Amino acid sequence: MRRTVFNEDHEAFRETLRAFIEAEVVPVYDEWFAVGQAPREFYLKLGELGLFGINVPEEFGGAGFETHKFEAIQYEETARAGVAFGGSGVHTLLGLPYIKMLAGDEQKKRYLPKFVTGEEMWAIAMTEPGTGSDLAGMKTTAKLSADGTHYVLNGAKTFITGGVHADRVIVCARTAAPTADDRRFGISLFAVDTKAEGYSVGRKLDKLGLRTSDTAELAFVDVEVPAEDLLGEENKGFSYLGANLPSERWGIAFGAYAQAKAAVRFAKQYVQERTVFGKPVAHFQNTKFELAACQAEVDAAEAVADRALEALDAGELTPAEAASAKLFCTEVAHRVIDRCLQLHGGYGYMNEYPIARLYADNRVNRIYGGTSEIMKSIIAKDMGL
């Protein structure tokens with residue numbers, strides 16, 4: 001089936017990105033994996049390449065595009081090479097939409113030029129210890145000072161991807177108590193400078209997968225946040241978070257599809273080279289049937305991911321559609337990657353093989369951005385059930 005979602009400009013970008021990955025990432029990726037994060041200076045290289053500025057307006061140093069298609073190609077090419085760009089994904093997929101949607105002109109002038117170059121890396125801090133997906137239950141507070149010049153931030157966050165290297169973090173905090181009929185009320189968003197006194201990075205978390213992304217615990221003790229770093233209006237943070245969820249869930253869906261596609265590539269290559277009983281593993285009917293079934297699932301996931309991409313670019317991707325895409329693509333990736341690892345035999349369990357790392361990396365896709373169970377609830381509600 002011929003794919004129509006990308007044009008010649010997108011494919012030219014793909015070639016450039018593939019060459020960059022081969023030259024700058026693949027040779028050192030094992031070192032990143034062992035250390036547990038990409039080096040901070042690597043993000044400056046991504047800035048030089050222009051990856052951070054694709055969707056940033058030209059007046060702030062970006063390319064001015066309004067599309068997620070270049071981002072989609074990044075998912076495909078990093079998965080194809082069996083690598084990742086550290087924790088930089090949250091910088092563009094999660095951080096940028098909030099800046100574009102909520103920041104005023106003065107804020108954009110302060111934030112975006114260094115965002116584009118990678119001089120200031122952004123992350124977002126929503127989840128707290130003990131709350132999980134229940135964002136309305138967050139305890140972190142931000143109290144306005146008597147003179148109105150700053151907020152005093154206190155609390156803690158966990159599972160913050162990009163949290164070690166971040167220079168600014170969008171922190172979700174309570175500026176007012178929830179009301180009797182709306183426990184989501186009272187949450188606000190702040191662009192917090194990580195150099196502020198009282199701000200600290202705790203443990204860099206030891207994860208099952210995504211080993212090169214710096215995921216951390218954060219703590220705030222009487223951190224003074226200038227009033228001009230409030231994003232949007234006070235107490236409306238929950239609605240802002242909800243507005244960006246379809247984009248976030250599309251990203252997870254597309255990334256999962258790309259991982260599944262890469263898994264088939266890795267398995268096909270392996271079974272053609274590996275011999276057992278004097279024959280290539282690819283010679284056996286079971287191998288052919290397994291890979292054929294996997295390819296069929298990947299084809300279906302690609303169609304779903306591409307359809308969601310087109311809807312997102314058109315501003316028409318609904319929360320239920322995003323949930324459906326995430327549920328389907330992440331479940332497909334789970335099945336396909338598992339079957340492709342099986343075809344590797346014992347070597348599939350070794351981290352030196354990309355399929356093993358892919359297996360571990362993929363597992364979180366059915367958890368973060370909303371669990372598969374939450375996706376089913378959203379879809380069922382949209383069905384009127």
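In this text the structure is predicted, and so the values were computed from the model without any measurement.
The residues K195 and D193 are annotated as salt-bridged, a charged nitrogen and a carboxylate oxygen being separated by less than 4.0 angstrom. Between K207 and D361 there is no salt bridge, since none of the side-chain N atoms of the basic residue sits less than 4.0 Å from a carboxylate O of the acidic one. One finds no salt bridge joining D306 and K69 here, because no Lys/Arg side-chain nitrogen approaches an Asp/Glu carboxylate oxygen to under 4.0 Å. No salt bridge links E48 with K45; every basic N to acidic carboxylate O contact stays at or beyond 4.0 Å. Between K100 and E66, at least one side-chain nitrogen of the basic residue sits less than 4.0 Å from a carboxylate oxygen of the acidic one, meeting the salt-bridge criterion. The residues K157 and E217 are annotated as not salt-bridged, no charged nitrogen and carboxylate oxygen being separated by less than 4.0 angstrom.
Annotation: Y359, atom OH; neighbour count of heavy atoms from other residues, nucleotides and ligands within 6.0 Å does not exceed 12. The environment of Q272 atom CD is dense: over 12 non-hydrogen atoms of other residues, nucleotides or ligands sit within 6.0 angstrom. In this structure, R203 places its CZ atom where only 12 or fewer heavy-atom neighbours from other residues, nucleotides or ligands lie under 6.0 Å away. Heavy-atom contacts from other residues, nucleotides or ligands closer than 6.0 Å to CZ of F159 number 12 or fewer. Environment of CZ in R40: crowded, with over 12 heavy atoms of neighbouring residues, nucleotides or ligands closer than 6.0 Å. For K109, the NZ atom sits in a loose shell: 12 or fewer heavy atoms of surrounding residues, nucleotides or ligands are nearer than 6.0 Å. More than 12 non-hydrogen atoms from other residues, nucleotides or ligands lie less than 6.0 angstrom from CZ of R14.
Put simply, L102 and F60 are part of the same group of oily side chains (I, L, V, M, F, W, Y) that touch within less than 4.5 Å, one to the next. Following chains of ILVMFWY side-chain contacts shorter than 4.5 Å, one cannot reach I160 starting from I367, and the two form parts of different hydrophobic clusters.
Side-chain contact between S200 and V221 is absent, with no heavy-atom pair separated by less than 4.5 Å.
Rounding to the nearest 0.5 Å places CG of L153 at 9.5 Å from CG of D222. F52 contributes atom CZ, which lies 9.0 Å from atom OG1 of T117 (distance to the nearest 0.5 angstrom). H344 NE2 to F266 CZ: the interatomic distance, rounded to the nearest 0.5 Å, is 8.0 Å. Interatomic distance, E373 CD to R366 CZ, rounded to the nearest 0.5 Å: 9.0 Å. For the atom pair CD1 (I73) and CZ (R80), the distance works out to 13.0 Å, reported to the nearest 0.5 Å. Between the CG atom of L51 and the OG1 atom of T16 there is a distance of 10.0 Å, given to the nearest 0.5 Å.
Hydrophobic side-chain contacts under 4.5 Å tie F185 to no other Ile, Leu, Val, Met, Phe, Trp or Tyr residue.
Between the side chains of T67 and D313, at least one donor-acceptor pair of N or O atoms lies under 3.5 Å. For the residue pair N7 / E11, no side-chain donor-acceptor distance below 3.5 Å is found, with atom types taken as modelled. For the residue pair N365/Q259, the side-chain donor-acceptor check at 3.5 Å is satisfied.
The aromatic ring centres of Y240 and Y98 sit 6.0 Å or more apart. Here the two rings, on F254 and H68, have centers that are 6.0 Å apart or farther.
At least one donor-acceptor pair under 3.5 Å links the side chain of D167 to the backbone N or O of M121. Of the possible donor and acceptor atoms, one in the side chain of Q107 sits under 3.5 Å from a partner among the backbone N and O of G104. Of the possible polar contacts, none joining the S247 side chain to the N244 backbone as a donor-acceptor pair under 3.5 Å is found.
In this structure, R168 is not positioned above the aromatic face of Y111 in the sense of NZ or CZ being under 6.0 Å from the six-membered ring centre and within 45° of the axis.
Relative ring orientation between F6 and H10 is described as perpendicular, the plane-to-plane angle rising above 60° on a 0-90° scale split at 30° and 60°.
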Pair R174, K139 - check side chain to side chain contact (heavy atoms under 4.5 Å, CB included), show working. CA-CA 7 Å; R174 283 210 163 274; K139 304 297 183 184; over 6 Å; no

For V25 and W32, run side chain to side chain contact (heavy atoms under 4.5 Å, CB included): C-alpha distance rounded to whole Å, both residues' side-chain angles, the deciding distance at 0.1 Å, then the answer. CA-CA 9 Å; V25 183; W32 297 3; 3.8 Å; yes

